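One structure below.
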Amino acid sequence: MSALEIPYVYTPREDTGLTNAKLGIWLFLASEVMLFGALFSTYIVLRVGAPVWPRGASILNVPLATLNTVILISSSVTMVMAWAELARGQFKRHKLYLALTILLSFGFLIVKYVEYSTKFHHHLFPSKSTFLAIYFTLTGLHGLHVLGGIVVNTYFLGPGAKMWKTEPQRFMGRIEVAGLYWHFVDLVWIFLFPVLYLL
Amino acid sequence: MKKNVILLSLLGIIVIPGIALAASISGKVVFNGKVPGLKPLDMNADPMCAAHHKTPPMVEILVLGDGNSLANVFVSVASGLPQGKTYAAPKQAVTIDQNGCMYIPHVFGVMAGQPVVFKNSDGIMHNIHALPEKNRQFNAAMPGTLKETSKMFDKAESYFKIKCDVHPWMGAWARVMDHPYFQVTDKKGIFTIADLPAGTYEIEAWHEKLGVQKSKVTVGDKESKTLNFTFTAPSK
Amino acid sequence: MSSGHHEHSEQQEHHAEPGFWQKYVFSTDHKVIGLQYGFTALCFLFFGFLLMLLMRWQLAFPGQALPVIGKFFSDSSMPGGIMLPEFYNSLGAMHGTIMVFLGVVPLAVGAFGNYVMPLQIGAVDMAFPKINMASYWAFFVGGVVMLVSFFVPGGAANSGWTSYPPLAELATTGQTLWLLGMVFLITSSLLGSVNFIVTIIQLRVKGLSFMRLPFFVWAQFVTAFLLLLAFPPLEAAGVLQLMDRLAGSSFFLPSGLVVSGQLMHNSGGGTPILWQHLFWFLAHPEVYVLILPALGIVAEIIANNTRKPLWGYKSMVYSLIFLGFMSFIVWAHHMFMTGMGTVINAFFQTTTMIISVPSVIVLSCLFLSLWGGSIRFNTPMLFALAFLPMFGIGGLTGLPLGLTTTDLHLHDTYYVIGHFHYVVAPGTIFALFAGIYYWFPKATGRKMNEVLGKLHFIGSFIFINGVFMPMFIQGLAGVSRRLFDGGASYYHAGPVLKLNVMMSVSAWCLALAQLPFIINFFYSMFAGEKVTSDNPWQSTTLEWATPTPPPHGNFTFTPEVVRGPYEYSVPGESSDFLPQYQPVKG
Amino acid sequence: MMLEWLHKLGLPPVASVHGVAVDVAQAGVHWLMLVLFVGWMGYFIFVLFRFRRSRNPQANYQGVKSHFSTYVEVAVVVAEAVLLLGFSIPMWRQRVEAFPSASQATVIRIVAEQFAWNIHYPGPDGIFGRTDPKLIDLTSNPLGLDRNDPNAMDDITNVNQLHLPVNKPVIIHLSSKDVIHSFGIPQMRIKQDAIPGMSVPIWFTPSVTSEEMKKKTNDDKFQYQIACAQLCGLGHYRMAGYVTIESQEAFDTWLDEQGAKAQTSGDDAFWL
Amino acid sequence: MHQEHSAEEVQKHVRTYLVVFVMLLALTFVTVAISRLHLGVFQSIVLALIIACIKGSLVALFFMHLISEKKLIYGALALTVAFFIGLMFLPVGQMITAVAL
């Protein structure tokens with residue numbers, strides 16, 4: 001494939017101050033906002049229309065979810081640290097933080113797995129009530145996003161890291177973009193947690 | 001294993017009519033009790049249906065003949081047939097007519113794998129909505145111009161409803177059998193189950209509203225026995 | 001990007017000639033992807049059109065066996081050539097879905113947007129070529145899933161292209177495939193729209209400010225925003241309906257449903273109205289996704305063939321932006337009959353009336369652009385001109401549907417079908433034809449045949465009106481849409497029933513009228529008149545500055561824009577057009 | 001005049017009190033459309049003729065200079081505002097907020113199902129009996145009416161046969177058993193979706209009896225029909241209900257007949 | 001050119017991140033604690049959402065550097081927020097005010 005030189009891959013365009021990828025990821029996140037927005041809207045509609053709505057805590061495991069919140073927040077910090085270390089030129093420490101982020105993401109999914117399996121064990125399925133249905137849909141979709149983040153971050157930890165040697169500037173941009181995505185996944189959880197578990 | 005079964009069943013087809021001849025059980029089903037004043041079906045919902053009938057037909061939950069003989073009772077061998085024997089389904093189709101916005105017959109049996117032909121004598125749209133649990137449900141429309149359509153049930157299954165959504169009152173009961181020893185009573189309440197091998201059988205009689213009755217009977221070779229059933233409406 | 005750039009790319013081509021697969025199938029070149037989109041979408045457009053021809057047989061001659069072709073269909077769709085209502089419903093649902101999501105949008109956005117837009121802004125390619133390729137292949141997979149759904153037991157989705165629950169949730173397997181297919185199509189659109197927006201913002205060449213963008217680029221820009229922000233809610237809705245169908249949840253199902261006399265054992269607690277909200281949150285902006293690129297194409301062609309600037313370019317642009325914005329908050333006018341309270345009803349009626357204003361402005365500007373022009377009646381221009389009154393009829397008939405008083409009678413009747421088909425069929429699709437005739441020389445180096453083109457135009461114009469105009473009459477008579485027998489069961493449809501035959505005959509003639517196009521398309525591709533110049537229409541915009549057809553990387557020089565997009569017949573100039581990239585004299 | 005044209009085109013005669021206002025709005029909006037379209041087309045054809053290349057080889061860079069189009073646009077906005085504020089919003093308010101009192105109206109429940117309209121009259125006591133989906137039996141009890149409920153004793157139900165007295169407001173509580181249907185009677189200029197899980201009230205006042213309409217249209221076969229307007233499955237196309245508008249006396253007689261029918265038959269609950 | 005990140009600048013960033021981290025943790029525990037108080041439904045919803053919004057803003061502003069982002073991004077996000085609000089309130093508004101019973 002003959003590579004074309006597409007402008008503003010490395011450096012921001014003067015009038016917008018942005019690289020293509022940076023603008024792209026924000027637009028993508030905007031669409032993600034609408035995706036989760038529709039699901040939150042569904043939640044509101046279902047809840048307002050329901051004669052009774054269970055307190056999340058009466059069905060779901062709040063301590064586990066709190067643990068997961070802490071894990072995800074921590075992973076967000078390690079992710080932003082991974083970027084900061086890269087900005088300082090500390091490639092090794094960057095790798096360490098990125099690995100830590102991936103590890104924490106796996107931790108999140110494991111906790112989620114435990115949560116799900118207890119639910120299934122107690123025959124709590126989406127068919128049981130709309131509360132459980134929206135719980136499984138929202139957390140499931142969020143879980144898929146976590147999985148996506150793991151794939152992306154693992155790529156940058158492994159084969160994608162080669163770019164640091166050849167095009168450090170561009171690699172930093174990529175890590176920043178991956179970070180933006182990851183923080184968004186964290187941000188969604190920050191809303192999911194109270195909405196599903198605490199209210 | 002599978003081969004053996006097929007062989008055996010093939011053997012069965014050839015052998016049964018030749019050797020294990022013709023024990024039969026027959027009898028009469030009657031209704032006992034106060035005959036309720038039933039409503040006629042209100043077919044005004046579709047004027048084309050109403051136009052088919054000079055006087056509105058009665059609902060079919062209780063169809064009685066002279067002396068309160070009870071029609072539409074599904075009589076079949078419930079148990080006692082030789083173990084592990086399989087019966088081939090006849091090639092000839094069971095025909096159900098949609099006539100005057102009613103199913104004729106109202107209760108029918110069919111063997112698994114036997115074709116069922118639904119006819120549309122009315123020339124108006126009906127849809128055949130079969131609601132079995134084990135077999136695949138289907139919901140097939142029959143526009144007025146479509147005169148017949150063929151369906152098949154693959155698995156034996158207990159009584160289930162077939163209905164028409166366009167004409168809510170239209171309903172038929174079907175049962176898918178894995179053997180050929182069954183019959184639905186006519187208006188005289190008579191049934192005959194013939195060509196049985198000698199043995200002891202449990203005979204089941206089922207009515208859509210009055211439930212199930214079972215009775216044991218032993219028949220020898222070439223013997224004919226009589227077995228009568230009496231259904232009573234439950235007291236309040 | 002420097003002047004050294006194209007040497008560099010030439011070098012690349014010399015020692016790494018890409019193979020067939022990379023060049024034509026898994027290409028990252030926006031032009032190849034654009035053509036892929038174009039071919040695929042035209043095939044789907046044709047296929048969707050065939051579905052409609054089948055339906056029109058049933059509507060004209062209800063219950064009669066379809067001669068000759070009828071016997072090729074299975075017993076579960078057309079036993080003995082007699083169409084079954086469930087198959088008719090499948091045809092209806094899939095005609096809508098295919099035309100909108102697999103035909104018009106991919107052609108208008110995927111094909112024209114991809115091919116023309118980067119050229120018009122002087123870019124070497126899209127900002128993310130690989131994502132562009134992924135977008136096409138997601139679209140392709142979605143299309144395949146939709147096609148496969150025709151062959152599963154129970155047939156394709158048959159609950160309307162709107163897939164309203166509970167009907168859609170009680171439907172056969174085809175509906176599940178429909179939902180899966182939609183998830184792919186939505187993913188494709190999202191990838192595409194991010195790419196379009198970034199490309200337009202970031203890759204404009206020097207001097208090409210926003211107010212110098214060709215109107216077509218503006219149209220694509222606003223369209224991309226609509227796709228980006230309106231599609232995700234439908235994706236969410238699709239996921240929810242999949243959950244309902246596969247995991248037994250009850251997002252769209254209330255409790256106590258009794259289907260065919262059987263009480264359903266779902267948990268309940270959901271509401272079918274929720275689906276309508278999420279669906280129309282997309283589907284109303286989607287209407288503008290269909291129409292805006294068409295307006296863009298028409299504007300380009302009108303400016304070029306009147307040899308004068310577009311009248312009111314700026315107000316057109318602002319109207320476009322306003323239109324895009326408003327399209328997000330009018331959706332519930334599709335739901336007037338769901339039992340709406342006064343306040344919300346008044347809100348959506350008002351926004352609906354407001355959105356008609358920018359549409360009128362854009363259309364007026366296009367009409368007024370003709371004044372003082374020196375009009376060339378070539379085939380693209382004929383289609384573009386016909387677009388104006390056709391879109392006008394489509395827009396005007398939207399008024400009685402947008403006012404609840406009159407909608408009370410017209411809601412869900414053939415009036416609605418007539419209305420949106422005028423917008424999309426003689427509207428958008430005419431514009432797309434115009435675009436094909438207009439940009440064909442750029443893509444192939446050959447012009448399409450004018451005689452065949454005009455034949456195509458005249459036939460299409462007459463018969464398409466024959467198909468859709470009677471629908472307004474049927475609608476006024478109160479004939480509901482989606483009726484398998486075309487209304488024969490209803491007394492009030494009696495007087496207008498005979499129109500069905502006329503409409504169907506027109507539809508079949510319309511099909512015949514497409515033959516010249518198909519012949520022309522393939523004939524001209526291989527044996528059409530070769531163009532002698534890179535700019536055969538003597539146009540001003542940047543896509544004509546490239547070699548014909550443009551190579552990978554597009555431009556042989558670094559373009560720089562010095563003026564607005566439509567500098568035709570500038571007083572005091574010797575030539576009647578001043579390309580955007582032609583340096584200022586002196 | 002516009003209304004005459006629309007009737008000629010196919011608009012069915014109006015048969016309800018509010019329908020007259022609907023038709024006035026219909027005519028108004030079609031006038032607006034016609035004027036705009038004819039104006040545009042006149043201009044369009046003139047321009048295509050006047051500014052064709054052979055007649056006008058040199059285009060004018062400036063184009064139109066007058067502000068006429070602006071005035072047209074303002075006029076369109078004003079016309080739309082009149083239609084919206086003068087007709088549409090008040091009309092809707094009247095539709096959904098100004099319900100007649102139940103004592104002065106015929107109150108009916110209609111429950112749609114695939115593919116029939118179940119009509120439910122409350123009977124002389126004016127109170128609808130309790131219904132329960134668990135009790136539904138399509139042959140004998142399509143509404144799932146609880147026969148043990150005293151209010152249900154005198155309730156009258158039937159399928160697809162809607163009788164209404166003329167010149168008296170009707171309130172219909174509309175719902176559905178299974179999927180979304182849409183209740184519409186074209187001559188009454190009324191339409192409303194029947195949505196499962198919801199009960200939506202609508203009201204209108206029929207003003208022309210079936211017999212009068214037969215004379216008016218010169219057609220003995222004239223029949224008011226409920227037309228399902230929302231795709232509801234394979235039988236959607238023939239989900240027609242039959243509406244009879246009659247004098248109050250005729251309606252009362254019919255209702256009594258129906259009540260008598262419901263009373264005499266089925267003496268034993270078991271067989272119901 | 002891309003802005004060069006001096007060591008001190010990054011160090012400053014890192015300090016911010018840690019502060020934000022601590023705040024996020026604290027707020028997490030606060031919101032869990034509040035939910036245990038069993039306040040009225042309305043109060044607990046408002047409180048929980050306020051806290052969630054604060055936490056979300058912290059993440060967006062500092063981790064995602066939205067506090068020093070370009071105008072274009074703000075514009076795109078403003079548009080998104082506008083439609084988000086419509087999506088959030090219009091459907092439920094329609095349902096609450098519906099004439100249905």
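Labels below follow one simple rule: chain letters A, B, ... track the order of the sequence lines, proteins then strands, and each chain is numbered from 1. Note that the structure is a prediction, hence the values are computed from the model and not measured.
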Tell me, side chain or backbone of [X] under 4.5 Å from chain A's heavy atoms, or both, or neither?
X: E:Ile45; value: both
X: E:Met88; value: both
X: E:Phe89; value: neither
X: E:Leu79; value: neither

What part of [X] gets within 4.5 angstrom of chain E, counting heavy atoms only: side chain, backbone, both, or neither?
X: A:Phe193; result: side chain
X: A:Val195; result: side chain
X: A:Leu199; result: side chain

Flag yes if more than 12 heavy atoms outside [X] fall under 6.0 Å of its [atom1] atom; otherwise flag no.
X: E:Tyr74; atom1: OH; result: yes
X: A:Phe91; atom1: CZ; result: yes
X: E:Phe42; atom1: CZ; result: no
X: A:Lys112; atom1: NZ; result: yes

(message) Give me the atom names and distance for the closest heavy-atom approach of A:Ala84 to E:Tyr17.
(response)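 Scanning both residues completely, I find the closest heavy atoms to be CB-CE1, 4.2 Å.
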(request) Sequence neighbours left out, what pairs pass side chain to side chain donor-acceptor pair (under 3.5 Å) with at least one residue falling in residues 28-54 of chain E? (result)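 Pairs touching residues 28-54 of chain E that pass the test: E:Thr28-E:Lys55.
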To the nearest 0.5 Å, tell me how far [X] [atom1] sits from [Y] [atom2].
X: A:Met79; Y: E:Met64; atom1: CE; atom2: CE; result: 11.5 Å
X: E:Leu24; Y: A:Ser76; atom1: CG; atom2: OG; result: 8.0 Å
X: E:Leu72; Y: A:Leu18; atom1: CG; atom2: CG; result: 6.0 Å

Which of [range] get closer than 4.5 angstrom to chain E, counting heavy atoms alone?
range: residues 141-168 of chain A; result: none
range: residues 22-57 of chain A; result: A:Lys22, A:Leu23, A:Trp26, A:Leu27, A:Leu29, A:Ala30, A:Val33, A:Met34, A:Gly37, A:Ala38, A:Phe40, A:Ser41, A:Ile44, A:Val45, A:Arg47, A:Val48, A:Arg55
range: residues 62-69 of chain A; result: A:Val62, A:Thr66, A:Thr69

(request) Name the option with the most non-hydrogen atom pairs under 4.5 Å to chain E; the candidates are A:Gly89, A:Pro194, A:Gly17. (result)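 Heavy-atom pair counts peak at A:Gly17.
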(request) If the plane angle is over 60° it's perpendicular, under 30° parallel, otherwise tilted; pick one for A:Trp83 and E:His13. (result)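 Plane angle over 60°, so perpendicular.
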(request) For A:Val77 and E:Phe63, run side chain to side chain contact (heavy atoms under 4.5 Å, CB included): C-alpha distance rounded to whole Å, both residues' side-chain angles, the deciding distance at 0.1 Å, then the answer. (result) CA-CA 8 Å; A:Val77 178; E:Phe63 289 174; 3.5 Å; yes
(message) With chain A as the partner, which of E:Val59, E:Ile96, E:Leu58, E:Val81 has the greatest number of non-hydrogen pairs under 4.5 Å?
(response)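 Option with the greatest count: E:Val59.
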